[in-house]
Amino acid sequence: MNTDEPCLDHGGNSNRRRFLAQLGRGVAAGAAGSGTLGQGSGAAADEPVEGRVRHRKLGRTGLSVSEIGFGGHSWSYKRVPDGDEYRRVTIDEAVEIIAAGLDMGVNFFDSCTPELESTIPGEALKRLGRRDEAVICARPSHRMKGVPADKQEVFKWTEDRLRMWQIDCIDLLLLSNEVNVTPQSGYWDMSYSIEALEQLKQQGKIRFTGFGSHFEPKWFFVAFQRFAKHFDCCSMPYNIRHRVAEAVMPAAKQAGLGVITIKPFARGSLLRNRDLDGAEATLPRDMIAFVLENSSVDVCLCGLHTIEQMKMNFSASWTRLTPEDHDRLRQLSMATAVPHGEHAWLEEGWRYV
Ligand SMILES: NC(=O)c1ccc[n+]([C@@H]2O[C@H](COP(=O)([O-])OP(=O)(O)OC[C@H]3O[C@@H](n4cnc5c(N)ncnc54)[C@H](OP(=O)(O)O)[C@@H]3O)[C@@H](O)[C@H]2O)c1
């Protein structure tokens with residue numbers, strides 16, 4: 001099977017084969033240059049073209065993925081202003097946002113934590129008839145307890161995700177852990193989960209695998225050493241303020257893993273109290289452009305809730321930062337503390353001090 005060809009949907013859409021074959025040749029990706037990227041290097045060779053999100057190769061999956069992807073929280077969190085309240089993105093809004101993203105070449109769709117996973121992106125792709133263009137990444141919550149029951153947990157979450165996305169195969173399944181679920185607390189042994197992943201692959205329910213977590217960075221090194229050969233990619237936070245990933249990503253690459261980064265805005269904290277309607281309107285774009293400058297990054301996932309945010313964020317793909325932009329981002333990164341509480345792990349574990 002061609003590695004540029006994610007799973008077929010229920011309809012066995014043959015357009016998908018054609019589309020992805022084109023992607024591999026850099027035709028559908030156009031200026032995204034997917035056909036000319038170095039294998040697993042993450043470096044985009046072609047010059048950026050306005051309106052086209054470039055592609056990179058996702059580690060040893062060989063998949064050609066847009067260097068910016070839709071975060072799963074986009075559809076799950078109530079963040080769209082609605083009178084005095086906030087609501088989720090509606091299906092009609094999602095259809096509009098996703099169609100515009102696909103038109104720009106964006107093909108990577110992440111999922112949310114299991115409890116918050118949404119049926120919206122799967123339904124939107126179905127209504128658009130464009131599932132065949134998407135690389136779908138699901139994250140079953142998993143505690144790596146090192147007991148046989150781990151397998152059942154992975155199976156259960158995978159089946160749930162297949163139903164919610166209305167597909168029969170997930171392109172990329174990432175095991176994920178929470179910060180309080182660490183080796184110190186006894187949760188770490190991935191062996192039974194790896195067995196489950198192998199079975200799911202044999203059943204044709206998933207194609208590629210990875211892991212990501214809120215662990216402290218040091219545990220990623222342990223994971224690379226012990227488990228990398230079983231996986232295709234990994235996922236970690238990276239943004240202008242939380243830059244420890246710069247020391248972790250080369251080890252991931254050395255282990256042959258693709259790198260998916262999350263939280264380019266530290267869950268929106270880096271954008272809070274900024275003049276986003278005025279002088280600082282392009283900050284979100286520039287923060288993602290900063291992430292993409294790192295050639296170890298294969299995909300940067302961002303949460304977004306409106307078509308305006310989507311256009312702004314994805315325009316990072318054809319944005320080159322100037323030295324002045326870098327100075328501004330550096331100052332901002334030092335000045336903008338992320339509130340503790342839910343994101344203490346990010347501030348404590350992933351920031352150079
Ligand atoms: N367990 C895991 O492995 C895990 C954990 C976390 C994240 N992830 C993945 O990583 C993705 C990205 O992380 P994230 O969503 O937590 O954080 P993020 O991308 O750093 O931040 C998203 C937030 O930034 C704000 N935002 C985005 N674009 C904007 C724009 N153009 N203008 C103004 N504000 C903008 C929005 O904040 P408001 O909501 O305040 O408007 C949005 O909710 C997730 O969606 C998910 O797919 C995975």
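All ligand and atom numbering here is 1-based and tracks the order in the structure. Nothing here was measured: the structure is a model prediction, and the numbers come from that model.
Using modelled atom types, one finds no donor on one side chain facing an acceptor on the other under 3.5 Å when comparing Ser76 with Glu117. In this structure, a donor-acceptor pair under 3.5 Å is absent between the side chains of Glu93 and His305. With no hydrogens or angles considered, a side-chain donor-acceptor pair links Ser66 and Asn107 at under 3.5 Å. Between the side chains of His326 and Glu293, a donor-acceptor pair is found at a separation under 3.5 Å. Using modelled atom types and a 3.5 Å distance limit, the side chains of Ser64 and His55 yield a donor-acceptor pair. With no hydrogens or angles considered, no side-chain donor-acceptor pair links Arg52 and Ser317 at under 3.5 Å. Between the side chains of Ser235 and Arg139, at least one donor N or O lies within less than 3.5 Å of an accepting N or O.
The proximity of Leu276 to ligand 1, defined as any non-hydrogen pair under 4.0 Å, is limited to the side chain. The proximity of Arg272 to ligand 1, defined as any non-hydrogen pair under 4.0 Å, is limited to the side chain. Counting heavy atoms closer than 4.0 Å to ligand 1, residue Gln309 contributes atoms from both its backbone and its side chain. Here Leu174 has no heavy atoms under 4.0 Å from ligand 1, in either its backbone or its side chain. Only the side chain of His305 comes within 4.0 Å of ligand 1, counting heavy atoms alone; its backbone N, CA, C and O stay farther away.
Atom 37 (O) of ligand 1 has its closest protein heavy atom at Gly268 CA, 4.1 Å. In this structure, the protein non-hydrogen atom closest to atom 7 (C) of ligand 1 is His73 NE2, 3.5 Å. Here the protein heavy atom with the shortest distance to atom 5 (C) of ligand 1 is His214 NE2, 3.3 Å. What sits closest to atom 32 (N) of ligand 1 on the protein, heavy atoms only, is Pro284 CG, 3.7 Å. Scanning all protein heavy atoms for the shortest distance to atom 4 (C) of ligand 1 gives Ile262 CD1, 3.8 Å. Of all protein heavy atoms, the one lying nearest to atom 31 (N) of ligand 1 is Asn313 OD1, 2.9 Å. Considering only non-hydrogen protein atoms, atom 12 (C) of ligand 1 sits nearest to Leu301 O, 3.5 Å.
Numbered from 1 in the order shown, with element, the atoms of ligand 1 that lie under 4.0 Å from a heavy atom of Asp110 read 9 (C), 46 (C), 47 (O). Interface atoms of ligand 1 facing Ser111, defined by a heavy-atom separation under 4.0 Å, are 47 (O). Counting atoms of ligand 1 from 1 in the listed order, those under 4.0 Å from a heavy atom of Arg79 are 38 (P), 39 (O), 40 (O), 41 (O).
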(request) Could you give me the CA-CA distance, side-chain angles and deciding distance for Glu153 and Lys156, then say whether salt bridge (Lys or Arg N to Asp or Glu O under 4.0 Å) is met? (result) CA-CA 5 Å; Glu153 197 174 331; Lys156 178 193 174 311; over 6 Å; no

(request) Step by step, work out the ring pair (Phe, Tyr, Trp, His ring centres under 6.0 Å) result for Phe227 and Trp219. (result) CA-CA 11 Å; Phe227 305 116; Trp219 298 116; over 10 Å; no

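In Asp327, the CG atom is crowded: over 12 heavy atoms of neighbouring residues, nucleotides or ligands sit closer than 6.0 Å. Around CG of Asn273, the count of heavy atoms belonging to other residues, nucleotides or ligands within 6.0 Å does not exceed 12. At most 12 heavy atoms of other shown residues, nucleotides or ligands fall within 6.0 angstrom of atom NZ in Lys311.
With salt bridges taken as basic N to acidic carboxylate O contacts below 4.0 Å, one links Glu133 and Arg130. Ion pair Arg241/Glu347 flagged as a salt bridge, since at least one NZ, NE, NH1 or NH2 atom sits closer than 4.0 Å to an Asp/Glu carboxylate oxygen.
The hydrophobic cluster around Leu116 extends to Tyr77, counting ILVMFWY residues whose side-chain heavy atoms fall within less than 4.5 Å of a member.
Residue Cys112 places every heavy atom at 4.0 Å or more from ligand 1. Within the structure, the closest approach of Ser235 to ligand 1 does not fall below 4.0 Å when heavy atoms are considered. Heavy atoms of Pro264 approach ligand 1 to within less than 4.0 angstrom. Using 4.0 Å as the threshold, Met310 has no heavy atom nearer than that to any atom of ligand 1.
Evaluated by nearest non-hydrogen atom to atom 6 (C) of ligand 1, the leading choice among His242, Arg139, Lys263, Lys311 is Lys263. Of the candidates Arg267, Lys78, Glu280, it is Arg267 that places a heavy atom closest to atom 18 (P) of ligand 1. With distances taken over non-hydrogen atoms, the option nearest atom 26 (N) of ligand 1 out of Val80, Leu271, Val291 is Leu271. Of all the listed residues (Gly71, Gly303, Gly212), Gly303 holds the heavy atom that lies closest to atom 27 (C) of ligand 1.
Taking any N or O of Met312, backbone or side chain, none lies under 3.5 Å from an N or O belonging to ligand 1. Backbone and side-chain nitrogen or oxygen atoms of Cys302 are examined, and none is located within less than 3.5 angstrom of a nitrogen or oxygen of ligand 1. Geometrically, ligand 1 and Phe70 share no nitrogen or oxygen pair separated by less than 3.5 Å.
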